[in-house]
2 protein chains.
Amino acid sequence: MNQNAIDRKFESYLRSRSLKLTPQRRRIFERAFATHQHFSAETLYAWMAEEDGPRVSRATVYRTLALLEEGGFVESLDTGGELVYEHILGHGHHDHLICVDCGRIAEFREPRIEELQEQAARDKGFTLLSHSLRLMGRCGACARSAASDR
Amino acid sequence: MNQNAIDRKFESYLRSRSLKLTPQRRRIFERAFATHQHFSAETLYAWMAEEDGPRVSRATVYRTLALLEEGGFVESLDTGGELVYEHILGHGHHDHLICVDCGRIAEFREPRIEELQEQAARDKGFTLLSHSLRLMGRCGACARSAASDR
DNA sequence: GTCCATGCAAACAATTTGCAATGCA
DNA sequence: TGCATTGCAAATTGTTTGCATGGAC
């Protein structure tokens, strides 16, 4: 999906909820889609501060990220501490690997895990709505530097 | 493992780190093992307040829970909001199902998921240290009452 | 013109910390 | 006795909210 199509999707989402397209919302939205990294509200706020464009307050960053999440434009990931976001469009579902040393986040996809989750939920009489799977470990680079420190 | 053996394990853990066995620590420790439910720091603090025994401050509850977690006596689970704890001893590893309506927590065990996680980590060059898998859904009771509300 | 949105600062919730007093070992 | 521990209140962190002003439609 190109930038234009995404923009239209956002506009139509706002209209559907009778919300307004403000310069702040547009700026936050576009910035969130301009990166392929994970970012926190604070990080995004810092980007807003150092880059050019309409001034955006911290409160608006939080409010707009919440809005984007409700609209299914971004997803949040709880890193134990702050929430980080990533945009979703053109990005299939995946889970995360988090390096405990450097904080690097890698993504992986494993449909067989999803299937087993469904099964486990059914077994316990639950209707599965969503899940959060985070693998904590040490990435290759950190493992190597830990080894060379010895 | 009986209460006595668990107590000794705790005492020896404290000794190994040259920490002291205070009435507060003993009380918190025993209370944590006396329940088979999940509990938050605040809940535990409330138990301390309403039941008899040496007075325990909120700060000490937090500090001791952290200590118990480091020692591998309890494990924490992030429910999005507050952390809840459960004791580990005599309790194999499992993951959680959380009801989004009533907050009820169910446990399940699925070794095949663990195996696939290991594999995914290896594929990405990570050394897996731990993981957190939470399934969010609606428990049977809540699904039924939601249906009857209609 | 009518709501909705923004910025600001104050409020929040959960947890952590500094410090002086206290208490195990 | 010496260092760990406690309680208290103040501090922190990440996030949310109330309210007066400003702006999109």
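Residue numbers start from 1 in every chain, and the chains themselves are labelled A, B, ... in the order their sequence lines are given, proteins ahead of strands.
- Near DNA chain C, defined here as any heavy-atom distance below 4.0 Å, there are no residues from residues 36-48 of chain A.
- Distances shown here put every side-chain N or O of B:S18 at or beyond 4.0 Å from the OP1 or OP2 atom of D:dA4.
- Put simply, the side chain of A:H93 reaches to within 4.5 Å of the side chain of A:D95, judged on heavy atoms.
- Rounded to an integer number of Å, the gap from B:R26 CZ to C:dC24 C1' is 13 Å.
- Considering only side-chain atoms of A:R58, the nucleotide from D:dT6, C:dT17, D:dT15 that sits closest is D:dT15.
- The CZ atom of A:R55 sits 10 Å away from the C1' atom of C:dT6 (whole-angstrom rounding).
- Listed nucleotides D:dG7, D:dA24, C:dC8 differ in distance to A:A59; the shortest reach to its side chain belongs to C:dC8.
- A donor N or O paired with an acceptor N or O is found under 3.5 Å between the base of C:dG7 and the side-chain atoms of A:R63.
- With rounding to whole Å, A:K20 atom NZ is found 11 Å from D:dG22 atom C1'.
- Following rounding to the nearest Å, B:E69 (CD) and C:dT16 (C1') show an atom-to-atom distance of 15 Å.
- A distance of 6.0 Å separates CG in B:D78 from CZ in A:R134, rounded to the nearest 0.5 Å.
- Between A:Y62 and D:dT16 there is no side-chain polar atom (N or O) within less than 4.0 angstrom of OP1 or OP2.
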